Amino acid sequence: MSSELNKVYNPEEVESKWYAYWEKHRFFRSTPDERPAYTIVIPPPNVTGVLHMGHMLNNTIQDILIRRARMKGYNALWVPGTDHASIATEAKVVQLLRQQGIKKSDLTRDEFLKHAYEWKDKYGGIILKQLEKLGASCDWERTRFTMDETYYRAVIKVFIDLYNKGYIYRGLRMINWDCEALTALSNEEVQYAENGEASKMYSLRYPIQNEPDTWVIIATQRPETIMGDTAIAVNPNDPRYQHLIGKTALVPLINRPVPIIADTYVDMEFGTGCLKLTPAHDPNDYEIGQRHNLPIIDTINLNGTLNELCELPHYIGLDRFEVRKRIIKELEEKGHLVAANDYTARIGRSERTGSVVEPKLSLQWFIKMKEISRRALQAVEDNEVQLIPAKYKNTYRHWMENVRDWCISRQLWWGHRIPAYYYGEGENDFVVAETPEQALQIARHKTGNPHLQANQLRQDEDVLDTWASSWLWPIAVFDGFEDYDLETQQFTRLNPDLAYYYPTDVLVTAPEILFFWVARMIIAGYEYLDKHPFKDVYLTGIVRDKLGIKMSKSLGNSPEPLELIAKYSADGVRVGMLFASPAGNDLPFDEKLCEQGRNFANKIWNALRLVKGWQTTPAHNPHNQPAINWFESKIVQTRQELDNLFEQYRISEALNLLYSFIWDDFCAVYLELVKPDFEQPLDETTYRATIGFFEQLMQLLHPFMPFITEEIYQHLQPRQEGESICISHYPTPTLPDETALKRGEILKTLLTQLRDVRVKKNLKPKDPLPLFANVSQPDFYQPIIPVLQKKAFLQSVEFTAAEVPNSAMFMVGTDVFYAALSSDFDVAAEKERLHKEIDYLIGFAKSVNAKLSNEKFVSSAPEAVVNKERQKLADAEQKLTALQEALGKL
RNA sequence: GCACACAUGACGCAGUAGGUUUAGCGUGUUUGCCUUACAAGCAAAAAGUCGCAGGUUCAAAUCCUGCUGUGUGCACCA
């Protein structure tokens, strides 16, 4: 039998073989039934994406949870899918078209979308295929995409509903503008470099009107915006500038007269204490402008070039940064530049394009967040939704309490087109409806013009922010909104899937998207189903390299996941990632850990080779019974600990526990204990027990290492087609036998001690060695003596009440053992060994004694604690006496 | 700037209601082994007074205060 099994485990064919088998039998398919459900919805990866280390970690964790639930008897469902990632995808498609010589501006919306869908069909599924390589046990028949037909309908419906409820409004607001992608961004999509960016702070002189040789000096990083200035502001309490308030300054180069106003916003300490106000291009300036009724002069086009409002013809049409370079020279030449100092600025950049974000005044769609998010804030406070680790509660609370309205419109084509239809030029000349037909009805009614025609309606050109679709994910993947009635603002029913699977059990995701996505899903969950979308949110750590830098493809510090899998197997990589991933902490990734995972697989494989190599005999061998009893209880105990760890999402620790249980307890101890002598058969009872243990271990390990455990499971016993470890159930838990456990642990200790004696005395593993035991309860030891004798190669084992001369003495608890040595043993070495142990015990006893002789300790500490200390001391003293006697005999 | 984490042998971590023998685990290091499942292995060893300074307590890696360092989130000034 063993000749069929390679000496080294070969995962490559095994992994693809079993994944195909699982798919063929649809083991991951879930439909509602009478069992309790356990549901996870995948955080949909970006459809343009390819697998990176973060995905590997977070999907491994999801797979572990879902596989474990499946084996615990739940009806486990893991819903996969992708989101359409409007900016990222559109940017990719635009870029691809450009390579083909096609400009987006030359295409109609429909033509462009056709290209985009082609692109999606071709590349959109890559990342899901990669998840299969990892072993992900998703129900692929339920794969969803945020622009699927029903999903699209859901997003539009929700927009209309929130509009009807008054949560959505259209307004002129200062927004973040991406001049490259030509779209608005939400605050969350703007990123700042960690330590700022090198910039210059320019000091400019603005003359005072009608007062020759008087001026104010302002500081700015953006001299190209001065043509949009409409005022100068100083702090009303600033003694330096009292005389200037109410006067008029002249904007350099264009000589526009602007008032000098007083506003407490101005920080007297900063710069010169004079602030130029450019309401069109700075959020704070805009607000001050509103307070003082300042005009707004928007000098920058959507693409970042300057327009005719800048009044300087030679700058019109030039990019703002080009203008900056030139205008500095011009200002200098004309005597307006006072200073140019190096300055570190926090510059906002678009998350997707990296382009410097331009604050711009723009008419956009917003969701009012304050009221709609109230329940969601409370839910996390009350642990209706539990964040793991809990430290994120603070972060969440802070964001929710200071939540700002969410700009949801994007000036893109790839996405859900805003269902607003305009019939006139006025700001409010629009209606919101699911279809153009309905829009026409409503518009006719609203305008009172029954002759209004469809071609007089113009649908909003913009699409919705991607997160304004993915925030519905836990409901929309089940097509839940099909049954939502916009009239009554209620569900007419919950479809069977939604009723069965919602709320989901856990969401596993990266902390970066706590606000982008998680918070908003909670909001949507309460708004629509009045229920949390998931019970727990497990926020994974960030995968970092050895230098502690976040791994990313763009930085080039990330290994290629599929290459890792090729090198170490999916099982190995899964284990490698988990080894380094304590709950909620960052993951310092080290390829070595994948190697460790691979080695572990090999270890298990070889345990299989050993077991499958055994011949059996019906003859009974009672000597193995203590080992069997011990291991049986040990599994029970380990399962309890695993349950405990999983309950707290201590998945890495659970893996570590299993790792050492399998490697140390099963392979190194149990298998060695029951292993028959060379070419001897094993009794059937032990063999069957061993196969059973091995099978249970594989079941416990299966969520972590799905492939090798299936391979072993299939080898351990003959299986029918359609049987699989992944749908097998854990046996019903029993209680551990404490005596059997203790006996096993003591057997382990004795074996280690005896091995130690051999090493220290330079004895070969099989040199004859008689053992004498002076123990309080010989009966306790009786059952393990045969196996101890065999495994420690003991010549004999005898109970005694006397000292044994010429022996190495050691203690287990308070029981004394003597390994009898031949007369020529090294007395000096033995003395030294005993001395060392005595010294340790003296030190120990001293520290315990110090406690016990402390009056206050004895009187204030709980009795149990004091008694424990007394017991410690008594044991130590008993040991000391025995050791000292042994030393005296030498 | 505000807030929140974290600081344990060479490295990565555990120590989850102050008291399970003077702190555990993995990797690495050193030593000895190709022992008939596994050198992707086996057996053993060395290595930390738990960032620093105080405090509370009979008792502190564990609680409190301050400091230092690192990380994260939020805000942001011309």
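Naming: A, B, ... by sequence-line order, numbering from 1 per chain. The structure presented is a predicted model; accordingly, all values stated were derived computationally and were not measured.
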- Task: Verify the contact: side-chain N or O of A:Arg870 to OP1 or OP2 of B:G19, cut-off strictly under 4.0 Å; return yes or no.
- Result: no
- Query: Aromatic rings A:Phe515 and A:Trp399: how do their planes relate, parallel, tilted or perpendicular, breaks at 30° and 60°?
  - Reply: parallel
- Task: Can you see which heavy atom on A:Pro259 is nearest to which on A:Thr230, and at what distance?
- Result: CD-O, 3.4 Å
- Task: Could you label the plane-to-plane angle of the A:Tyr649 and A:Tyr538 rings as parallel, tilted or perpendicular, counting under 30° as parallel and over 60° as perpendicular?
- Result: tilted
- Message: From C-beta outward on A:Thr395, which listed nucleotide comes closest to its side chain: B:G73, B:A78, B:U27?
- Response: B:G73
- Message: Does B:C11 have its OP1 or OP2 closer than 4.0 Å to a side-chain nitrogen or oxygen of A:Lys592?
- Response: no
- Message: Can you check the distance between B:A23 and B:G48, where both ends of the measurement are the C1' atom (answer in whole Å)?
- Response: 9 Å
- Message: I want to verify a distance call: between B:C77, B:U21, B:G73, whose nearest atom is closest to the A:Phe844 side chain?
- Response: B:U21
- Can you run through RNA chain B from 5' to 3' and write each base as (, ), [, ], | or . depending on how it pairs? Watson-Crick or G-U wobble, both distances under 3.5 Å. (((((((..((((.....[....)))).(((((.......))))).....(((((..]....))))))))))))....
- For residues A:Tyr241 and A:Thr272, determine if any side-chain heavy atom of one lies less than 4.5 Å from a side-chain heavy atom of the other. yes
- Task: Any chance you could measure A:Ile175, atom CD1, to A:Glu358, atom CD, to the nearest 0.5 Å?
- Result: 10.0 Å
- Query: If you check every side-chain atom of A:Asn284, which of B:A37, B:G73, B:C77 has the closest atom?
  - Reply: B:C77
- For the side chain of A:Lys391, starting at C-beta, report the closest nucleotide among B:A5, B:U16, B:A78. B:A5
- So what does A:Pro511 hit on the nucleic acid, given a heavy-atom distance under 4.0 Å: a base, only sugar-phosphate, or nothing? nothing
Which protein N or O atoms sit under 3.5 Å from an N or O of nucleotides 40-49 of chain B?
unit_1, atom_1, unit_2, atom_2, d
B:A40, O4', A:Asn599, OD1, 3.0
B:A40, O2', A:Asn602, ND2, 3.1
B:A40, N3, A:Arg598, NE, 3.4
B:A40, N3, A:Asn599, OD1, 3.4
B:G41, OP1, A:Asn599, ND2, 3.4
B:G41, O3', A:Lys603, NZ, 3.3
B:C42, OP1, A:Lys603, NZ, 2.9
B:C42, OP1, A:Trp663, NE1, 2.6

- Message: Closest-nucleotide mapping onto RNA chain B: is A:Phe515 or A:Asn394 further toward the 5' terminus? I mean the 5' end.
- Response: A:Asn394
- Show your reasoning for whether side-chain contact (heavy atoms from CB on, under 4.5 Å) applies to A:Gln615 and A:Leu682. CA-CA 6 Å; A:Gln615 305 297 314; A:Leu682 183 70; over 6 Å; no
- Message: Looking at A:Gln221, I'd like to know whether one of its side-chain N or O atoms comes within less than 4.0 Å of OP1 or OP2 on B:A78.
- Response: yes
- Message: Let's see if you can work this out: which of B:C58, B:G26, B:A78 has an atom nearest to the side-chain heavy atoms of A:Leu275?
- Response: B:A78
- Give the nucleotide from the list B:A78, B:A39, B:U27 with an atom nearest to the side chain of A:Asp267. B:A78
- Shortest non-hydrogen contact from A:Leu642 toward A:Ala654: CD2-O, 3.5 Å
- Message: From C-beta outward on A:Lys7, which listed nucleotide comes closest to its side chain: B:U22, B:C58, B:C38?
- Response: B:C38
- Query: Which of the following nucleotides, B:G73, B:G15, B:A78, is nearest to the side chain of A:Phe270?
  - Reply: B:A78
- Item | Which atom of A:Lys675 lies closest to which atom of A:Trp614, heavy atoms considered | CA-CZ2, 3.9 Å
